[in-house]
Amino acid sequence: MKKSVFMGALTLAGLAAGAAAAGTLDDVKARGKLNCGVTTGLVGFAAPNANGEWEGFDVAVCRAVAAAVLGDSTAVEFVPTTGKTRFTALASGEIDMLARNTTWTFSRDVDLKFEFTGVNYYDGQGFMVPKELGVSSAKELDGATVCIQTGTTTELNLADFFRANNISYEPVPIETNAEAQQQYLAGACDVYTTDASGLAATRATFDDPAAHVLLPEIISKEPLGPLVRHGDHEWGDVVRWSLNALIAAEELGITSANIGEMAAGTNNPEINRLLGTEGTLGEMLGLDAGWAKNAIMVGGNYGEVFAKNIGEDTPIGLARGLNAQWTNGGLLYAPPFR
Amino acid sequence: MSDISFVRKEMLPEKAPPASEVGAIGWARHNLFSGWVNSILTLVSLYAIYYVLAGVLPWILQSSWSAQSLKECREVFEAAYGTTHGHACWGVINERWLQLLFGFYPPELYWRPILALLLLLVALSPVLFADHVSYKVLRFTAIYPFLMVWLMWGGPIWGPISAAMGFVVGFAILKFGTGRMGELAAMIAAVAGAVVWWLLLSGTFSSVMSSILPIAIQSVESRQFGGFMLALLLGVVAIGVSLPIGIVLALGRQSDLLIVKSLCIGFIEFIRGVPLITLLFVASLLLNIFLPPGTNFDIILRVMIMMTLFSAAYMAEVIRGGLAALPRGQYEGADSLGLDYWQAQRLIIMPQALKISIPGIVSTFIGIFKDTTLVSIIGLLDVIGLASAIRADTAWNGIYWELFAFIAFLFFVVCFSMSRYSMYLERKLQTGHR
């Protein structure tokens with residue numbers, strides 16, 4: 001208490017006194033707000049609009065969790081994090097969860113003591129080159145200069161790929177995607193490499209997108225997903241199953257349009273369990289019976305969120321690809337709600 | 001015969017000087033074409049200026065203010081000029097300028113930062129223009145820091161008041177203690193009293209007063225601060241607080257008291273030896289880990305403290321330079337008048353030392369103001385951070401120069417005004433030593 005009084009006097013602005021270290025779920029409920037770490041800006045995944053509201057594919061995950069826990073998709077405090085600050089912000093408790101196109105890797109999961117609660121986007125690292133270069137495969141890139149974002153998994157993948165194929169490259173280190181676009185367009189590098197979703201988004205902004213090609217090789221697996229701190233399994237379950245609820249909703253045909261009538265009860269027991277008209281799934285998570293319904297009502301099911309933010313009708317124009325339901329040949333496979 | 005004279009008897013009327021010596025032509029001949037080297041240089045410079053303007057002016061003027069996205073901009077340019085290159089898409093500024101200025105501050109409360117800025121000018125006026133503004137406005141200047149905090153963050157008014165009370169407590173102890181226990185003891189007691197007030201009593205005081213007399217305005221969280229407002233806020237606080245701290249440090253460094261002196265030297269050299277960005281990372285990352293979990297130590301406050309300490313160290317050295325430039329006789333003159341240390345500093349040393357240091361002080365101010373943009377690296381959405389966030393909007397992805405031009409314009413206005421003011425101040429304080 002002493003400490004908090006001291007801080008309060010310093011800020012002159014009233015800082016919240018540190019609550020007792022309860023579980024994150026209780027903290028979030030007590031606070032009435034979810035602190036969700038997002039990127040400081042990535043096309044389609046997270047960006048503030050003109051009114052200062054955050055929008056995007058990762059943002060939708062935050063909003064779904066907030067709706068599931070608090071019943072209000074606007075009860076989210078978006079904390080912009082950079083590639084350097086994201087893990088510290090999560091580890092120190094500044095944020096409750098991180099939904100920042102972060103690749104699920106062994107060392108982040110095990111060594112950094114985080115828990116990835118699922119995958120909301122299966123990405124992979126690709127290459128973009130100007131068409132006039134006449135390259136059709138990444139294996140022909142011997143001696144190329146490559147624009148690469150530092151401090152990311154893409155940097156390591158690139159080194160691995162070139163070493164494995166016994167060809168050389170010259171890296172041009174850059175800090176942000178925006179810088180990369182400028183460098184690439186100015187001809188500072190022959191090749192730009194980053195996640196394929198980022199390449200597609202970048203190419204869409206070019207004056208003449210047709211003058212640039214994405215090479216067929218995808219050289220890495222980049223499962224991007226939300227993560228929470230190690231050791232708080234109740235909270236991890238909430239985030240995991242909120243995401244799964246969106247995915248299962250698409251599989252079960254629940255959309256933002258028909259959820260009203262479906263919530264009244266259907267003949268499909270799994271839909272009923274998911275939407276809380278049967279069983280006690282919400283209670284097991286420590287949430288209301290309508291938790292999943294709230295989460296789905298924010299922006300619709302996974303497919304709707306995808307289509308709205310990054311799908312083929314948006315300027316980014318990503319195909320579902322790996323991110324289709326398992327029934328359509330994709331990798332999305334939500335465990336049963338039982 | 002007798003009419004012939006070889007010497008002119010009457011004066012000729014004055015003729016106008018030749019056209020090549022006066023007016024625009026004369027000026028040009030003297031200043032631009034006074035020799036073949038200068039003529040060549042002039043022509044080259046004129047061409048350079050033309051070249052830059054020929055590129056920049058069409059970009060600025062043949063532009064689109066109304067487009068809703070970069071794509072739309074390109075369509076407009078394609079239709080109007082047949083090319084998409086070389087035209088500014090100001091639509092992004094048109095749509096986002098409020099966001100770039102205020103960040104995520106609630107739009108219905110924009111009047112509060114604006115009022116705070118206007119009051120800042122009022123509060124600064126007796127300091128900046130001492131000749132033209134009544135001395136009494138200084139009282140408002142003393143209140144202003146607390147008023148500004150209340151306006152910017154909102155909440156109950158008793159928080160800032162109880163913080164201000166700490167200074168009152170300290171001042172009271174100093175005033176009434178000096179006679180009884182001597183100056184040094186009174187000063188230590190005053191500091192101790194103020195700290196005790198802030199640590200132990202102020203929280204209780206403000207919560208009790210808030211329950212008795214709840215005067216509050218809607219509070220705004222630090223996370224909602226952003227844009228140019230954040231740069232101004234950080235800059236004003238760092239500038240305003242670092243000057244007094246810098247003076248104290250500079251005096252401390254010249255002090256005869258060993259401990260005071262070594263503390264000041266240690267602080268100055270340590271802070272100056274570390275890059276600002278490192279301090280910002282400490283503020284944003286390390287402190288989070290050191291502090292007990294759940295302590296919510298406001299990120300903007302942490303950054304403010306770090307920036308203030310950083311600029312205070314530089315300020316101290318600038319002022320020490322001013323002190324060193326004073327002739328020894330000034331110190332001895334003060335001593336011979338029987339002034340004590342603080343009187344000598346206040347009446348003789350500091351006014352002269354500060355006057356000497358004005359250019360250095362102002363350039364430190366300008367530097368720290370521009371350094372505020374570094375906070376974008378630790379994830380605060382200041383004006384640079386917002387620019388990249390705006391680029392992440394699908395409508396504006398791929399837009400660069402327009403945003404940076406706007407940001408450069410904002411910073412230029414503020415920095416240029418500071419620089420002009422410092423020149424005015426130097427002229428005003430000129431006492432003819434040159």
Side-chain angles (χ1 to χ4, degrees), chain A residues 1-21 27 37 39-52 55-56 77-82 84-86 88-89 91-94 176-178 181-182 201-202 204-208 309 314-316, chain B residues 69-71 74 84-85 95-96 99 103-104 107 146 149-150 152-153 155-156 159-160 162-163 166 198-200 202-204 206 219 221-224 281 284-285 288-289 291-299 301 376-381 385-386 388-395 397-398 400:
Chain A
M1 189 59 202
K2 201 175 185 182
K3 182 142 242 149
S4 69
V5 170
F6 173 57
M7 301 305 178
L10 272 177
T11 56
L12 323 174
L15 295 166
D27 283 351
T39 143
T40 48
L42 179 69
V43 183
F45 285 83
N49 68 10
N51 301 321
E55 290 174 346
E77 185 84 41
F78 290 100
V79 179
T81 56
T82 67
K84 293 186 183 67
T85 62
R86 56 182 166 183
T88 330
S92 68
E94 190 181 346
T176 63
N177 187 48
Q181 293 184 24
Q182 286 291 291
T202 301
T205 71
F206 287 171
D207 237 353
D208 182 11
N309 292 298
T314 66
I316 304 166
Chain B
S69 70
L70 183 59
K71 197 159 165 252
R74 285 185 176 147
T84 56
H85 277 293
E95 186 187 292
R96 299 294 186 113
Q99 196 173 51
F104 299 103
F146 307 99
V149 165
W150 187 54
M152 296 297 288
W153 276 275
S162 81
W198 283 323
L199 284 187
L200 303 178
S202 70
T204 329
S206 60
S219 64
E221 283 175 38
S222 291
R223 277 280 162 213
Q224 292 173 281
F281 272 121
S284 84
L285 302 180
N288 262 342
I289 294 176
L291 292 171
T295 316
N296 182 10
F297 190 0
D298 193 295
I299 175 76
L301 180 74
S376 62
I377 296 183
I378 55 168
L380 288 183
L381 289 183
L386 269 175
S388 47
I390 289 171
R391 259 197 304 274
D393 189 320
T394 39
N397 188 11
Y400 304 88

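Reminder, nothing fancy here: chain letters follow the sequence lines and each chain counts from 1. Computed from heavy atoms alone, side chains included, the values below leave out hydrogens, waters and symmetry copies.
Atom OG1 in A/T205 sits 10.5 Å away from atom CZ in B/R391 (nearest 0.5 Å). Put simply, CG on B/N397 and CD on A/Q181 are 5.0 Å apart, with the number rounded to the nearest 0.5 Å. Distance OG1/B/T394 to CG/A/N49: 10.0 Å, rounded to 0.5 Å. In this structure, NZ on A/K84 lies 5.5 Å from CZ on B/F281, to the nearest 0.5 angstrom.
Interface remark: B/S69 contributes no atoms to any contact with chain A (heavy atom separation under 4.5 Å). Contacts between A/I316 and chain B at a heavy-atom distance below 4.5 Å involve the side chain alone, from C-beta outward. For A/P48, the parts lying under 4.5 angstrom from a heavy atom of chain B are both the backbone and the side chain. If you measure heavy-atom distances from A/A204 to chain B, you find no contacts under 4.5 Å at all. The contact between A/F206 and chain B is made entirely by backbone atoms, counting heavy-atom distances below 4.5 Å. With a 4.5 Å cut-off on non-hydrogen atoms, B/S162 does not touch chain A at all. For B/I377, the part lying near chain A is the backbone, with the side chain staying farther off; criterion is any non-hydrogen pair under 4.5 Å.
Across A/F78 and B/R223, no two heavy atoms sit closer than the pair O-CD, 4.5 Å. Taking all atoms of both residues into account, the shortest heavy-atom contact from A/G41 to B/A392 is C-CB, 3.3 Å. Shortest non-hydrogen contact noted between B/I378 and A/T82 is C-CG2, 4.4 Å. Closest non-hydrogen pair, B/E95 versus A/A50, comes out as OE2-CB, 3.6 Å.
With sequence neighbours excluded, the residues forming a side chain to side chain donor-acceptor pair (under 3.5 Å) with B/R96 are B/Q99, B/D393, listed by chain and number.
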Item checked: Chi angles and distances behind the side chain to side chain contact (heavy atoms under 4.5 Å, CB included) call for A/E77, B/E221 -> CA-CA 10 Å; A/E77 185 84 41; B/E221 283 175 38; 3.1 Å; yes

Check: Stepwise, does the side chain to side chain contact (heavy atoms under 4.5 Å, CB included) test hold for A/T85 with B/L285?
Finding: CA-CA 7 Å; A/T85 62; B/L285 302 180; 3.8 Å; yes

